[in-house]
Protein chains: 2
Amino acid sequence: MTEVISEGRIMRPSIATKGEPARLAGEVLDAAARVFARQGYEGTSIDDIADELGATKGRVYHYYRSKADILLDVLNKGQQDLVDIIRPLAEDTTLPADQRLLNMARAHAEVMMYQHPYQYVSLRSLNPNLFDGKTAQREGWRTIRKMREEYEELFRAVVEEGSEDGTFSTTNPRLTVRGILGSLNWITVWFHPDHQPQAKHVSKEEIAQTLAKFVVAGARG
Amino acid sequence: MTEVISEGRIMRPSIATKGEPARLAGEVLDAAARVFARQGYEGTSIDDIADELGATKGRVYHYYRSKADILLDVLNKGQQDLVDIIRPLAEDTTLPADQRLLNMARAHAEVMMYQHPYQYVSLRSLNPNLFDGKTAQREGWRTIRKMREEYEELFRAVVEEGSEDGTFSTTNPRLTVRGILGSLNWITVWFHPDHQPQAKHVSKEEIAQTLAKFVVAGARG
DNA sequence: GTCTATATGTGGATAGAC
DNA sequence: GTCTATCCACATATAGAC
């Protein structure tokens with residue numbers, strides 16, 4: 001059977017008849033994302049990832065060539081999932097800018113919580129020096145950066161539109177977008193999917209809605 | 001001469017007659033903060049810090065017992081500098097809540113930029129698992145956490161006051177504070193003190209003022 | 001496909017010369 | 001006070017058994 005190596009991850013052609021290999025590779029990736037989120041990339045050993053899987057490193061190295069390749073795949077998935085959900089909302093130009101921004105911000109916030117490990121690791125890895133010495137991953141790293149920039153472009157477009165038609169008050173859309181995404185991305189720092197306190201529990205949807213309204217109000221000025 | 005060991009750092013009694021030791025310890029700390037900011041704590045070796053100083057590890061280990069102790073001192077200084085500047089603004093109750101919040105937010109934003117390495121490392125180290133295995137630093141780590149909570153309390157107080165007198169529209173002050181601090185803390189992620197582009201240059205003060213207005217507008221709703 | 005064993009390099013920390 | 005030399009633990013990655 002033919003195999004496709006993509007970003008260091010062994011993948012069968014999209015529709016795997018047996019299904020097993022893709023599922024197992026996904027399990028390795030999920031485990032890695034969780035451990036990276038807990039301990040940081042540099043603070044995580046391959047043995048840690050294997051432990052999280054209840055296996056040994058043999059299993060990890062069967063699916064990935066190196067630790068850096070695993071990280072790259074985590075970043076890829078995190079960014080891809082995010083853009084897949086927000087792009088359609090950004091392109092719905094039937095709505096006025098503020099309503100569209102509200103939808104985008106709310107969805108972004110929800111992804112931060114529902115996909116917490118991936119998004120947390122993704123945001124922590126915005127540091128440009130992370131892949132410095134690793135020439136093998138340079139191309140993959142460039143791709144991630146580009147995806148991230150295109151993603152922020154979606155927000156910049158709607159903020160610019162709103163500031164031109166008077167909905168928003170900003171004179172510096174790029175800076176406003178940074179304010180918006182800062183509020184929303186910061187969720188990954190204080191939100192922990194595991195130990196959700198029961199008393200005074202606020203649902204993910206309420207959190208997302210509240211913060212989305214906060215950033216839209218900030219943009220209105 | 002008597003020496004005082006504080007958080008793993010060798011310090012002479014406050015007013016050092018010769019002044020040298022404190023200055024040199026501060027140089028080690030500054031270098032460590034810069035390298036931690038570039039490479040992350042786990043990604044930094046003691047040799048890296050020594051290189052940044054133009055020295056060898058002998059120098060570093062003369063002032064600090066361990067790498068974890070250095071980090072603890074970076075976090076301490078980062079948090080202390082921040083609270084020293086913002087607390088007076090928070091306690092100026094002659095101003096209405098929105099004006100006070102504006103001052104606090106602007107000052108917080110400026111500290112993020114002017115003290116970038118310390119603040120960046122500080123925020124990256126909010127991860128509770130960082131000092132997990134390190135029993136020697138547990139007490140110092142608890143202190144940092146407490147300082148951070150007291151600091152956020154300053155913002156919560158002003159937001160609550162404003163939401164009670166109708167200046168702000170929030171029903172969940174804690175969440176609003178997280179939105180506010182997220183926008184401002186995120187500065188450390190995209191702002192890099194070194195390669196400031198000359199063209200279309202926006203000053204630190206302009207950035208701080210713009211984002212401060214953004215978060216106050218967000219709180220107003 | 002997953003395991004154990006191991007080669008190899010690196011990092012934190014210490015000892016002791018100067 | 002700063003250096004060099006060194007110990008020891010651990011991490012990445014590979015080889016090869018099952």
Side-chain angles (χ1 to χ4, degrees), chain A residues 1 3 5 8-12 16-29 31-32 35-36 38-73 130-137, chain B residues 1 3 5 8-12 16-29 31-32 35-36 38-73 130-137:
Chain A
M1 182 186 279
E3 283 176 345
I5 311 274
R9 180 176 164 192
I10 301 173
M11 299 168 77
R12 310 278 163 159
T17 37
K18 296 196 180 178
E20 294 302 320
R23 206 200 78 220
L24 290 177
E27 279 174 15
V28 174
L29 198 64
V35 186
F36 286 162
R38 277 207 302 274
Q39 312 179 357
Y41 171 73
E42 307 275 4
T44 297
S45 71
I46 304 288
D47 279 326
D48 291 335
I49 299 172
D51 283 352
E52 178 82 10
L53 279 164
T56 65
K57 5 176 195 223
R59 177 119 130 238
V60 177
Y61 277 109
H62 179 70
Y63 293 101
Y64 284 97
R65 182 182 305 275
S66 73
K67 195 171 81 157
D69 282 323
I70 305 179
L71 176 60
L72 216 49
D73 241 21
L130 233 175
F131 284 92
D132 262 4
K134 296 147 190 163
T135 46
Q137 286 79 26
Chain B
M1 183 186 279
E3 282 177 344
I5 311 274
R9 180 176 163 193
I10 299 172
M11 299 169 76
R12 310 277 164 159
T17 38
K18 296 197 180 177
E20 293 301 320
R23 206 200 80 222
L24 291 176
E27 280 174 15
V28 174
L29 198 63
V35 185
F36 286 162
R38 277 207 302 274
Q39 311 179 359
Y41 172 72
E42 306 276 4
T44 298
S45 71
I46 304 289
D47 280 325
D48 291 335
I49 299 173
D51 283 352
E52 178 82 12
L53 279 164
T56 64
K57 8 179 194 219
R59 174 118 131 238
V60 177
Y61 276 109
H62 179 70
Y63 292 101
Y64 285 97
R65 183 184 303 275
S66 73
K67 194 171 83 156
D69 282 322
I70 305 179
L71 176 60
L72 216 48
D73 241 21
L130 233 175
F131 284 92
D132 261 4
K134 296 148 191 162
T135 46
Q137 286 79 26

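Every chain is numbered from 1, with letters handed out A, B, ... down the list of sequences. Not measured: the values here are computed from a predicted model.
A distance of 3.5 Å separates OH of A:Tyr64 from CG of A:Asp73, quoted to the nearest 0.5 Å.
In this structure, B:Asp51 atom CG and D:dT2 atom C1' are separated by 15 Å, rounded to whole Å. As rounded to whole Å, 9 Å separates atom C1' of D:dG1 from atom CZ of B:Arg59. For B:Tyr64 and D:dG1, the OH to P distance is 15 Å, given to the nearest whole Å.
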Item to check | B:Glu42/A:Tyr41 under side-chain contact (heavy atoms from CB on, under 4.5 Å): CA gap, chis, key distance, verdict | outcome: CA-CA 8 Å; B:Glu42 306 276 4; A:Tyr41 171 73; over 6 Å; no
Checklist outcome for this item: Counting primed atoms, P, OP1 and OP2 as sugar-phosphate and everything else as base, the B/S/- map of nucleotides 4-18 of chain D against protein heavy atoms under 4.0 Å is B------SBBB----
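Put simply, the side chain of B:Lys67 gets close to the backbone of B:Thr44: a donor and an acceptor are under 3.5 Å apart. A donor-acceptor pair is defined here as one N or O able to donate and one able to accept, closer than 3.5 Å; no such pair exists between the side chain of B:Asp51 and the backbone of B:Asp48.
Taking the centre and axis of the six-membered ring of B:Phe131, the NZ or CZ atom of B:Lys134 falls inside the cone set by 45° and 6.0 Å.
When all heavy atoms of B:Val28 and B:Ile49 are compared, the closest pair comes out as O-CG2, 4.4 Å.
A close approach under 4.0 Å does occur between a side-chain nitrogen or oxygen of B:Tyr63 and OP1 or OP2 of D:dT2.
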